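What follows is a short report on a single structure.
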Amino acid sequence: MAENTKNDQELRRLEELDLIEKAGICAYPYSFDKNISAKELLARFTDETKDDLADVKLAGRIMSIRRMGKASFCNILDETGRIQLYVRKDDLPEGKYDIFKLLDIGDIIGIEGYAFRTKTGEISVHCRDFVLLCKSLKPLPIAKEEVDENGNKKVYDAFADKELRYRKRYIDLIVNSDIRDTFRKRAEIIRNIRNYFDTQGWMEVETPTLQPQYGGASARPFITHHNALDIDLYMRIALELYLKRLIVGGFEGVYEIGRNFRNEGMDRNHNPEFTMMEIYVAYKDYNWIMNMIEELISMLAMKVNNSDKIVIDDNTISLARPFKREKMFDLFKKYTGYDMQGMSMEEVVKIAKELGIQIEPGASYAKVLDEIFGEKVEPNLIQPTFVTDYPVEMSPLAKMHRSEKGLVERFELFMNGSEIANAFSELNDPRDQRNRLEEQARCRANGDDEAMGVDEDFLNALEIGMPPTAGLGMGIDRLVMMLTGEKSIRDVLLFPLMRPEK
RNA sequence: GAUUUCGUAGCUCAGGUGGUAGAGCAUUUGACUUUUAAUCAAAGGGUCGUGGGUUCGAGUCCCACCGAAAUCACCA
């Protein structure tokens, strides 16, 4: 930004910075030794133990200042929370209070002093000295908070504009404490997933995000170009096919938590890049993995929320085991009245029409079923529900059902009407897999640009031989949304994609 | 991509039927050595998203564009 765009407050801060530096003070020093956090101090303080806190050093950003002549109160914020400081002219080194007068909301300071309780009862730090650690040159949106007797927080003038919060997340994180908690929970969820898997002995791996052939899901990819090889590459849309190669390679449990990229629309459930967790375990099937993911999700809820209940909108969702298990065609029957198992294309299209569901010309069998399911069944799946046994046409990478003709051993986990996880007994018969991928390729040739291509190297791996394997994919962002109660994927992504300004 | 709504001071917002802008917080100056949305007194700060048009005159009406949100479409 050009110099002449600075507003009065920014110009004033520059003048203050000048005064500070003319007083021989470095406005951007190199380090500060703190010995306690705001949260720890508040937790440790009692009127009996306050002598233990007679020499504390804290650092943080000034969030409010109340000046009263020769003494002031201010609040600083560190990573753990806010704490009040009491700054009195007589108790600072000679001349230091004049420097304090040059500080602003947003400046970062280090302080030393002793903990005490004010007349009104608030645990605070009485400053003996302070040091400026960073001068802030732009005004911060200041939300004022009032806490009533019941501990309820009331926020005035909140920094609430969604666009600004997403674009300037660093400001959002400073000003809005709730969003900091959301991202802490996100980290905690991912950490606990890793812990759980690692404890079982499964190995975390990293597979390519840049791929010559994309696959493992139905979605349009991002295309990029590698200059040295002069070839186009695709950003991965799924982790699946590389992780299965590793099972072929002899690892018996592998998982990856990483970014997928899909060149599709954006809404409150979709961001072009999103975080997927996929896990593959040899010698297991989809029944086993259903129990595993149920245990994992139930455990995550307890770890993160200390409860197996979550409230979303008006629904209370119980994450206590066991989750409901329903066969897909039983759900069709329940919510449409039609027994559709084994029906032909003509029959399901007819039913879709009777149900008032629009079917695009050229839609595949799988597509029609999926439309009906999405329209009539999904909205009813509020409590966690494993939907099992999908028709083979919808699942080109899943193994045929051991007893149901035309179905595969697959489940999807739904909660609050949306899909959370997807898993199969993995298809490991290379002949069947080739047929299914070639069928996909035909769909693609007929204009379905989301159908998969044939990945010859993946088929080669299956021909070398993959043991019976269970696999699962789970969208981490949606899981975090569920467990934090956020309604938009953008509220669980630190930096959601935004159209550039101008 | 479609529809609807929105875009006014650093932040949150108000601006019937068109007459070039207001409030609170923030900022500045003064008072105040235990305040907490600190208080009291005074002051400064906006080419009203951008560009056109209608009009004597537009933040206000019309059109286009830019950006956002919600809903829908797309995304098994």
Side-chain angles (χ1 to χ4, degrees), chain A residues 6-13 15-16 63-75 82 84-92 97 104-106 116-122 124 126 136-148 153-168 171 175 217-220 237-238 260 262-272 274 328 358 360 363-374 378 387 390-391 393-398 410 412 419 422 448-452 475 487-488 490 496 498-502:
Chain A
K6 293 195 190 310
N7 65 37
D8 59 331
Q9 298 195 38
E10 291 166 1
L11 292 170
R12 209 207 80 249
R13 281 168 186 250
E15 285 165 17
E16 278 175 350
M63 297 302 287
S64 66
I65 309 180
R66 293 176 290 285
R67 300 182 195 274
M68 297 170 302
K70 297 184 182 63
S72 303
F73 285 92
C74 63
N75 287 79
R82 285 184 184 223
Q84 180 172 261
L85 308 179
Y86 180 52
V87 184
R88 207 164 80 151
K89 185 179 183 188
D90 294 347
D91 296 327
L92 288 178
Y97 197 74
D104 283 301
I105 289 171
F116 75 112
R117 194 186 286 278
T118 65
K119 271 183 188 168
T120 51
E122 180 164 348
S124 308
H126 192 127
S136 170
L137 296 181
K138 286 192 181 281
L140 217 48
I142 284 308
K144 296 220 170 190
E145 292 179 2
E146 184 183 37
V147 182
D148 66 20
K153 197 164 72 177
K154 207 168 155 191
V155 180
Y156 300 84
D157 297 340
F159 178 60
D161 185 276
K162 285 272 188 195
E163 179 177 357
L164 278 176
R165 291 183 60 188
Y166 298 145
R167 287 192 196 280
K168 307 272 183 258
I171 295 175
V175 173
S218 308
R220 273 178 276 261
I237 59 171
N260 282 346
R262 297 189 183 175
N263 207 339
E264 311 277 4
M266 298 162 64
D267 61 31
R268 72 183 193 290
N269 283 310
H270 297 86
N271 193 68
F274 62 101
M328 179 178 234
Q358 291 243 317
E360 292 196 15
S364 62
Y365 183 74
K367 186 87 189 161
V368 176
L369 284 182
D370 193 59
E371 285 291 326
I372 300 173
F373 192 82
E378 276 185 32
V387 178
Y390 286 59
E393 292 84 353
M394 297 173 79
S395 319
L397 299 169
R410 172 183 179 186
E412 289 188 305
E419 183 203 332
N422 180 23
D448 182 353
D449 55 0
E450 280 157 12
M452 296 179 198
K487 294 193 175 60
S488 168
R490 295 183 154 192
M498 300 291 281
R499 199 186 288 268
E501 294 171 283
K502 294 216 169 147

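Proteins get letters first, then strands, A, B, ... in listed order; numbering begins at 1 in each. What you see is a predicted model, and the numbers here were worked out from it, not measured in a lab.
Comparing B/G45 with B/G22, their C1' atoms sit 13 Å apart, to the nearest whole Å. Separation of the P atoms belonging to B/U28 and B/U17 is 38 Å when rounded to the nearest angstrom.
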* Contact pattern, 5' to 3', of nucleotides 38-46 of chain B - B, S or - by protein heavy atom under 4.0 Å -> B-----B--

* Asked: Could you write nucleotides 69-74 of chain B as a row of B, S and -, 5' to 3', where a protein heavy atom under 4.0 Å of any base atom gives B, of only sugar-phosphate atoms gives S, and otherwise -?
  -> S-S--B

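A donor-acceptor pair under 3.5 Å is formed between the side chain of A/D161 and the backbone N or O of A/L164. A/S136 places a side-chain N or O within donor-acceptor distance of the main-chain N or O of A/K138, the cut-off being under 3.5 Å. The backbone N or O of A/G106 sits nowhere less than 3.5 Å from a side-chain atom of A/D104 that would complete a donor-acceptor pair.
A/A160 comes within 4.0 angstrom of the backbone, heavy atoms only, and of no base. If you check every strand for non-hydrogen atoms under 4.0 Å, A/E16 touches sugar and phosphate atoms only. Note on A/Q84: a base of the nucleic acid sits closer than 4.0 angstrom, heavy atoms only. In this structure, A/R12 reaches the sugar-phosphate backbone alone: every heavy-atom distance under 4.0 Å involves primed, P, OP1 or OP2 atoms, never a base.
A salt bridge links A/E264 with A/R220: the closest approach of a Lys/Arg side-chain nitrogen to an acidic carboxylate oxygen falls below 4.0 angstrom. Ion pairing between a basic and an acidic side chain is recognised when a charged N comes within 4.0 Å of a carboxylate O; A/E412 and A/R410 show such pairing.
Of all heavy-atom pairs between A/R262 and A/I237, the closest is NH2-O, 2.9 Å. Considering all non-hydrogen atoms of both residues, A/G121 and A/R117 come closest at O-NH1, 3.0 Å. A/M63 and A/I142 make their closest contact through O-CD1, 3.7 Å (heavy atoms, listed as atom of the first residue, atom of the second, distance).
The aromatic rings of A/F116 and A/Y86 lie tilted to each other, with the angle between the two planes from 30° to 60°.
Where A/S124 and A/Y390 meet RNA chain B, the nucleotide closest to each residue was compared, and A/S124 sits on the side nearer the 5' end. Mapping A/G121 and A/D161 onto RNA chain B by nearest heavy atom places A/D161 closer to the 5' end of the strand.
The side chain of A/A71 lies closest to B/U33, out of B/U35, B/A68, B/U33. Closest contact between the side chain of A/R499 and the listed nucleotides B/U34, B/U33, B/G1 involves B/G1.
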* Asked: Given Watson-Crick or G-U pairs with both distances under 3.5 Å, what dot-bracket string fits RNA chain B, with | for other-strand pairs and [ ] for crossing?
  -> (((((((..((((........)))).(((((.......))))).....(((((.......))))))))))))....

